[in-house]
Structures are given as structure tokens and as C-alpha cells.
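Structure first, commentary second.
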Amino acid sequence: MTIDIGYRPTAKQALFHASMADEVLYGGAAGGGKSYAICWDAFLRCLKWPGTHAYLFRRTYPELEMTLVRTMQRIVPRELGRYVASAHEMRFANGSVAHFCHLQNEGEGLLKYQGAEIHWLYFDELTHFTKPMYDYLRTRLRAERQLGITPCVRAASNPGGPGHAWVKARFVDSTGAGTRCCEMPVRSDVLGSVSTRRLEYIPATVTDNPHITKDYVVELEQKPRALRDALLYGKWDAFDGQAFPEFTDDPAHYGDGLFTHVIHPFDIPLHWTRVASFDHGYTRPFSLGVWAIDEEGRAYRYKELYGCVPGEANTGLMLTPGEIGRRIGELLEPELREGIHVQGVADPAIWDRSRGMSVEEQIRSAFGGLTFQKGDNTRLPGKMQLHERLKFDGEGRPMLYVFTNCRDFIRTLPSLVYDARRPEDIDTAGEDHIYDETRYFLMSRPIAPRPRGREERRAYNPLA
């Protein structure tokens, strides 16, 4: 019996199915056929390799049912498989199974899959998942040698969501936005060997899908700029729900500082006030930002120390407070050599002594050249201070600049999103550590709301 399954993939979907990489992200714009491609990929793999198991994840069950479940039911002929609603499974005639799963938290939610043997792992809307979720489920990828398969990860997503930063770092940034395959070395101390894990990003736009109507494209074009750029063009630096869409990184104005927050470094006058702001982290990154304040109260973030595993967004270096203190000392050595006094402000939590010697005491014992004061951790006023400083005046100058060498500030601030349960606040599941220490700094010297009219010409302008 011959069955025509009737699938004609688009060019980008065909690349997705043909990829030999260990992990693949297919995504970008809306309407690229991402969920459809995920279901077909799982179906075709289960069909080709009998007795294998595909696990397809969405963050919530309603999302799962409305997208992946319905799509799979529509594309699989009755002769080849049947959906068992009570088990949330598509059971194929050759013994393969597609499991439809949802995952709402990192605790008990992950434990449900502790004993799973996953051959084909799929995530729809990957940016809705946290990196610990992704990393844990990847540990369930395994297969008996007799199956003759290599388990893999396939994912799809639009920009945005609490996981935007880590997904962008892992797939988009590491591959040059899809221009090359990323080869990531993985060392095994047990086996005494180093293997290579290949990652690929396949960008898709609305125009890659010939089945999308012109009306749909026109509708996307009418959306607000950030939402339009994300959904229509698949841009990862602009998306709906950004907490600070006003943050501007314009290389054309690094020199004059007009209508950009990112600028070229310059020699900071010795008499300007210096402040170092700190947020502690162990499994999550720690962050230290060093600021200079000019005569007008304008702040310049001129260097930073960010304790993050390279290429792994929101993953801490797991350094002790003493080790962090020594690194802070190395960063501030030029200021100490010049006799420049640096004030410190930090998260009040580092003074906690409930488990013995506080983090602040351990840092101070390793490096005594910086004394921290307790920062104001009031969240919403701190957020409004950042909005106020990012505002451009009539001449196009903000009250906060960032040097180009502060790459992690430039990377993480645009990725912050609002909390769905507290719409005025930042989603703390994101990579918010630099944002937090920036709040402590801003709240230590708050500014009043400023009009957007033209300011008087300043006596000293380092960017002029």
C-alpha cells in the first residue's frame, strides 16, 4: 500500500529537516511555518526509525493542544498513526511514539522526565523556556546502540520571551545570525576525550512561506516598530514586550553621542566621581559596573566585570566571593594606581550573615580597596530612573552612556522583558543581573524628570 503524505516543505523547512547538526533553531519571523516544520520533522523521524520516541514541548498545555497536537492530528494519515488523548501521544504503526509535553516550572515539572529516554527532542517557542529547562531535558537524550540513531534537538521560536537572551546567545550570536555552523567543544573527563557539538540557526521570514497571504503580511507591517521588526523580519534585537525599547545602539553616532546610548571610550577626567555597582551571583552571573559622573550628573558606564560563562547566557562562573573580590581588585587597579577613589553600592542581600560570614565581608577580606554601601533595592523607582536617564533631550543626548567595551550591558539590557504577572516590573527569569546593579547605582544618585526640550550648551562635552 502506497500512502502519499502530501508534504511539500518550503526551502527553509527543507534545510531544517536536512540539517545534520546536533541542535537546530528554526525561527525568526512569524508565519515562517515553524510549528508545522516541527510536527513534520517529528513525524518523518518517527516514520523512518521504528520504535523511536519524539518529545514535543510547549510551555503550557493549552498552547500545546492548540498548536502541536492539532497539527500532528491533521498531518498524520490514519493508516500510519492514531492520537491517544488520555496519554497525549501519537502512536505510530511502526512502534514509534510522539509524546506531547508541557513544562511550566524547573522543579517538579522537570522531575516528570527524569527517567525519560528521548530520541528526538523538540521545543516550540524556545524563548518561553528557561535555559535550565533546556539543559536538563538535553540530558535525557539517549538511545540504545541497536537503534542506530543519533539523538538530536530541534527547536523553533520567534524573538522575545523570558528566554530571549540565552536563545539568542546560543543560536543566533554563535552562528553569526545563521551565516555559519557553530562547533562547540565538549570535554568528557570520564572518557578523557573532547567531542564537538554542532549548532545551527536557520532564519525564516514571512516571505519564505509561499502559503502566507498578502493580507497577513500587510497586517504585520501595521504593528508597532519593535513588534513589526520581530514578527515581520525576525530581528532578535527588537521584539514585543521589551522593557527598554528606547535603548539605542547606533554605531554611526559612537563618535558624537547623538541619539545613541553606546559610544566610543574616551579618557575620563580625573576629577569626575567614580562609582562601582555590584550584584552577586554564583550559579547565575555576578556583575560589577564601573561608572563615571560628569559635572552635569550624566553617567558613563566605562567598564564592567561580568561573571558569565562565555557563550552561555545567564550561566554563572560559580566563583567564591573571595575570588570575585580578587577580580574586582584587578579591574580597579588602574584607579587605585592613579589615586582615584571609587565609591561602592551593592545589593543589600550581600550583608546577610544568616549562614556565617557575609558575601560582603568575604569580598572585602580579599580586596579592601572598595567599600560597598547598601543599595536601594526598590524595584519600580529604580526602573523609572533608568527610563529617565535613557531619555534623549532635544539635542539627542541622554543622561546615561555606555562605552562600547561594556558588551554584556549592551547585550542584556535590550533582552529584558516585562513580567506577565507584574506588568510594570522586569521578568526576573531573564538575565537581569547587570540591570539590577545598574538600578542600585541609579538609585544612589537619582535625577528628577527632565523635559524633552533643548538643553543649554554644556561647558564640557567629551564627545564634541
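We're numbering straight along the sequence, starting at 1.
- Contact check for His119 versus Ile149: side-chain heavy atoms found under the 4.5 Å cut-off.
- Here the closest non-hydrogen pair linking Leu68 and Cys39 is O-SG, 3.5 Å.
- Listed by chain and residue number, nothing satisfies the side-chain hydrogen bond (donor to acceptor under 3.5 Å, both in side chains) test with Tyr136 (two or more places apart in sequence, or in another chain).
- A side-chain donor-acceptor contact under 3.5 Å links Thr71 to the backbone of Thr67.
- A cation-pi contact, defined as under 6.0 Å to the ring centre and within 45° of the axis, is absent between Arg45 and Phe43.
- Evaluated for a side chain to side chain donor-acceptor pair (under 3.5 Å) with His433, the options Asp408, Thr438, Asn314 yield exactly one hit, Asn314.
- Applying the side-chain hydrogen bond (donor to acceptor under 3.5 Å, both in side chains) criterion to Thr378, with sequence neighbours excluded, gives Asp376.
- Taking 4.5 Å as the limit, every side-chain heavy atom of His280 sits out of range of all side-chain heavy atoms of Asp347.
- The side-chain heavy atoms of Thr315 and Pro285, taken from C-beta on, include no pair separated by under 4.5 Å.
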Salt bridge (charged side-chain N to carboxylate O under 4.0 Å, His left out) evaluation trace for Arg364 with Glu360 = CA-CA 6 Å; Arg364 184 157 37 88; Glu360 187 274 336; 2.7 Å; yes

Chi angles and distances behind the ring pair (Phe, Tyr, Trp, His ring centres under 6.0 Å) call for His128, Phe123: CA-CA 9 Å; His128 292 185; Phe123 294 90; over 10 Å; no

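- Few gaps surround CZ on Arg142; more than 12 heavy atoms of other groups in view lie less than 6.0 Å from it.
- In this structure, Trp236 CH2 and Thr127 OG1 are separated by 6.0 Å, a value rounded to the nearest 0.5 Å.
- Considering every non-hydrogen atom in both Pro398 and Arg389, the closest pair reads CB-O, 3.5 Å.
- Side chain of Tyr282 to backbone of Gly316: no donor-acceptor contact under 3.5 angstrom is found.
- Looking at heavy atoms from C-beta onward, Tyr83 lies out of side-chain contact with Glu89 at the 4.5 angstrom threshold.
- Salt-bridge formation is detected for the pair Glu312/Arg170: a Lys NZ or Arg NE/NH1/NH2 atom is positioned less than 4.0 Å from an Asp or Glu carboxylate oxygen.
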**Request:** Please lay out, stage by stage, how Phe403 and Phe409 fare under the test ring pair (Phe, Tyr, Trp, His ring centres under 6.0 Å).
**Result:** CA-CA 10 Å; Phe403 282 11; Phe409 183 102; over 10 Å; no

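- Ser354 and Asp352 share a side-chain donor-acceptor pair at under 3.5 Å.
- By the side-chain hydrogen bond (donor to acceptor under 3.5 Å, both in side chains) test, Arg284 is found to be paired with no residue, residues two or more places apart in sequence or in another chain being considered.
- Screening Phe129, Tyr122, Trp166 for a ring pair (Phe, Tyr, Trp, His ring centres under 6.0 Å) with Tyr134, the sole residue that qualifies is Trp166.
- Separating the CG atom in Leu121 from the SG atom in Cys152 is a distance of 8.5 Å, to the nearest 0.5 Å.
- Across all their heavy atoms, Ala243 and His387 have their closest contact at O-CE1, 3.3 Å.
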May I have the step-by-step check of salt bridge (charged side-chain N to carboxylate O under 4.0 Å, His left out) for Arg58 and Glu125, ending in yes or no?
CA-CA 7 Å; Arg58 282 293 298 245; Glu125 294 301 346; 5.2 Å; no

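- Between Leu319 and Phe286, the closest side-chain pair of non-hydrogen atoms falls below 4.5 Å.
- Taken from CG in Leu80 to CD1 in Ile75, the straight-line distance is 11.0 Å, to the nearest 0.5 Å.
- The backbone N or O of Ser193 lies less than 3.5 Å from no partner atom in the side chain of Ser195, so there is not a single donor-acceptor pair.
- Cation-pi geometry between Lys383 and Phe244 is met: under 6.0 angstrom from the ring centre, within 45 degrees of the axis.
- Using modelled atom types and a 3.5 Å distance limit, the side chains of Asp124 and Ser35 yield a donor-acceptor pair.
- Side-chain contact between His261 and Asp249 is absent, with no heavy-atom pair separated by less than 4.5 Å.
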- Query: Are Glu437 and Arg301 close enough, and set up right, to give a salt bridge (charged side-chain N to carboxylate O under 4.0 Å, His left out), and what steps lead you there?
  - Reply: CA-CA 12 Å; Glu437 48 99 337; Arg301 185 183 182 95; 2.7 Å; yes

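- When all heavy atoms of Val262 and Tyr254 are compared, the pair lying nearest together is O-CD2, 3.1 Å.
- In summary, Glu330 and Arg326 do not engage in a salt bridge, as defined by a charged side-chain N under 4.0 Å from a carboxylate O.
- Judged purely by distance below 3.5 Å, without hydrogens or angles, the side chains of Thr196 and Glu183 never pair a donor atom with an acceptor atom.
- Residues Val345 and Gly375 come closest through the heavy atom pair CG2-CA, 3.5 Å.
- For the pair Glu304 and Arg407, the salt-bridge criterion is not met [side-chain N within less than 4.0 Å of a carboxylate O].
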As a quick check of understanding, evaluate side chain to side chain donor-acceptor pair (under 3.5 Å) for Ser96 and Trp49, giving each step before the final call.
CA-CA 8 Å; Ser96 293; Trp49 285 282; over 6 Å; no

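- In this pair, His53 and His99 present their aromatic rings parallel. The plane angle is below 30°, not in the 30 to 60° band.
- By the 6.0 Å contact criterion, CE on Met357 is enclosed, its count of non-hydrogen atoms from other residues, nucleotides or ligands being greater than 12.
- Within the model, atoms CG of Leu416 and CZ of Phe247 stand 10.5 Å from one another, a figure rounded to the nearest 0.5 Å.
- Looking at heavy atoms from C-beta onward, Leu110 lies in side-chain contact with Leu103 at the 4.5 angstrom threshold.
- Residue-environment remark: NZ (Lys48) stays at or below the threshold of 12 foreign heavy atoms within 6.0 Å.
- No hydrogens or angles considered: a donor-acceptor pair under 3.5 Å links the side chains of Tyr306 and Glu431.
- Contact check for Leu386 versus Leu400: side-chain heavy atoms found under the 4.5 Å cut-off.
- His88 places a side-chain N or O within donor-acceptor distance of the main-chain N or O of Ala85, the cut-off being under 3.5 Å.
- For the 3.5 Å distance criterion, the side chains of Thr52 and Trp120 qualify, holding a donor opposite an acceptor.
- Rounded to the nearest 0.5 angstrom, Leu331 CG and Arg327 CZ are separated by 11.5 Å.
- Ion pairing of Asp22 with Arg198 is absent here, as no side-chain N (NZ or NE/NH1/NH2) approaches a carboxylate O to less than 4.0 Å.
- Using a cutoff of 4.0 Å between basic side-chain nitrogens and carboxylate oxygens, Glu424 and Arg379 are not scored as salt-bridged.
- Atoms CG and OG1, from Asp432 and Thr412 in turn, are 9.0 Å apart once rounded to the nearest 0.5 Å.
- In this structure, Arg187 places its CZ atom where more than 12 heavy-atom neighbours from other residues, nucleotides or ligands lie under 6.0 Å away.
- Between the side chains of Ser365 and Gln362, no donor-acceptor pair is found at a separation under 3.5 Å.
- Scanning both residues, Tyr201 and Ala177, for their nearest heavy atoms gives CD2-C, 3.6 Å.
- Under the 3.5 Å distance criterion, the side-chain polar atoms of Glu200 are left unmatched by any main-chain donor or acceptor of Cys182.
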